[in-house]
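Just so you know, ligand 1 is whichever comes first in the structure, and atom 1 is the first atom listed for that ligand. Computed from heavy atoms alone, side chains included, the values below leave out hydrogens, waters and symmetry copies.
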Amino acid sequence: MAQDAIQLLDADHQRVEALYKDFKAAGGNRDAQLALAQTICAELVLHAMVEEEIFYPAYAHATGDEQAVEHANKEHGELKELIAKVPQAENLDGAMEVIMRRTMHHVDEERREMFAKARASGMELATVGGRIQTRRDEVMAAVQGA
Ligand SMILES: [Fe+2]
Ligand SMILES: [Fe+2]
């Protein structure tokens, strides 16, 4: 069965957490760490994009909670600035640690505040989940076709 919007987004959160564990476990293996850092950053950027384009607007519409969306967008902006600096980072471990600390803080707020309110609002989570999946598939197809 298709996952609803919250299940999809939280699966991304968990995937990134697992990838970061792999990144830490690969300490000393520079190539493996670089590849994992790249994957984590790409996952985070795609995740932020589907939230900003699809989930956050649907959430604001269903709950009227524009403030949480503004706050979340601001945190995404800060994270994207940090992610953009990763390729030049001299201390990759340190750069990724800051990104993941901020990401998990952001994820915690999404889980405790937005996801809880979204469920309580009766928002069309299955429909929104379908839109997220379609958008993600489009982007992945474009990236792989490039
Ligand atoms: Fe987010
Ligand atoms: Fe998220």
Side-chain angles (χ1 to χ4, degrees), residues 1-26 32-89 91-146:
M1 213 186 87
Q3 291 183 302
D4 77 21
I6 290 174
Q7 288 166 336
L8 270 174
L9 293 174
D10 213 41
D12 286 351
H13 296 156
Q14 286 167 31
R15 192 162 53 244
V16 164
E17 254 190 292
L19 284 164
Y20 184 55
K21 282 205 182 102
D22 294 345
F23 173 87
K24 283 197 291 190
Q33 280 206 309
L34 274 172
L36 282 161
Q38 224 167 35
T39 305
I40 290 168
C41 291
E43 286 272 351
L44 287 174
V45 169
L46 177 58
H47 178 83
M49 190 192 84
V50 296
E51 284 186 342
E52 289 165 22
E53 284 185 6
I54 300 166
F55 184 75
Y56 290 172
Y59 170 84
H61 184 77
T63 64
D65 187 9
E66 302 276 356
Q67 226 180 349
V69 170
E70 250 175 63
H71 176 74
N73 279 327
K74 184 170 158 275
E75 290 188 340
H76 280 192
E78 290 165 1
L79 274 164
K80 279 185 262 187
E81 279 180 31
L82 293 170
I83 288 169
K85 290 184 192 144
V86 167
Q88 297 90 35
N91 176 357
L92 185 64
D93 288 88
M96 292 307 292
E97 198 203 320
V98 173
I99 286 169
M100 287 308 297
R101 196 180 335 116
R102 296 246 203 148
T103 295
M104 293 321 294
H105 158 86
H106 175 78
V107 164
D108 191 51
E109 286 181 349
E110 285 182 342
R111 285 175 175 156
R112 280 187 298 109
E113 294 166 23
M114 282 185 145
F115 291 174
K117 260 191 206 175
R119 286 219 186 279
S121 74
M123 185 176 158
E124 294 283 353
L125 289 168
T127 309
V128 177
R131 288 170 55 211
I132 289 172
Q133 191 62 59
T134 303
R135 185 71 178 115
R136 176 189 289 284
D137 291 347
E138 274 172 18
V139 174
M140 293 310 284
V143 170
Q144 277 152 15

* Could you point out which residue of Arg112, His106, His105 forms a side-chain hydrogen bond (donor to acceptor under 3.5 Å, both in side chains) with Asp108? => Arg112
* Sorted by first residue and then second, give each ring-ring contact (aromatic ring centres under 6.0 Å, His included) pair with at least one member in residues 123-142; sequence neighbours left out. => none
* What N/O/S atom of His13 gets nearest to the Fe ion (ligand 2)? -> NE2
* Asked: So with a 6.0 Å cut-off around NZ of Lys80, is the heavy-atom count from everything else above 12?
  -> yes
* To do: Answer yes or no: are there more than 12 heavy-atom neighbours, outside Glu138 itself, under 6.0 Å from its atom CD?
  => yes
* Check side-chain hydrogen bond (donor to acceptor under 3.5 Å, both in side chains) between Asp4 and all other residues, then give those that pass, not counting sequence neighbours. => Arg119
* Structure fact -> Hits for side-chain hydrogen bond (donor to acceptor under 3.5 Å, both in side chains) against Arg111, two or more places apart or cross-chain, chain-then-number order -> Asp10
* Which protein N, O or S atoms lie under 2.8 Å from the Fe ion (ligand 1), given by chain and residue number? -> Glu51 OE1, Tyr56 OH, His76 NE2, His106 NE2, Glu110 OE2
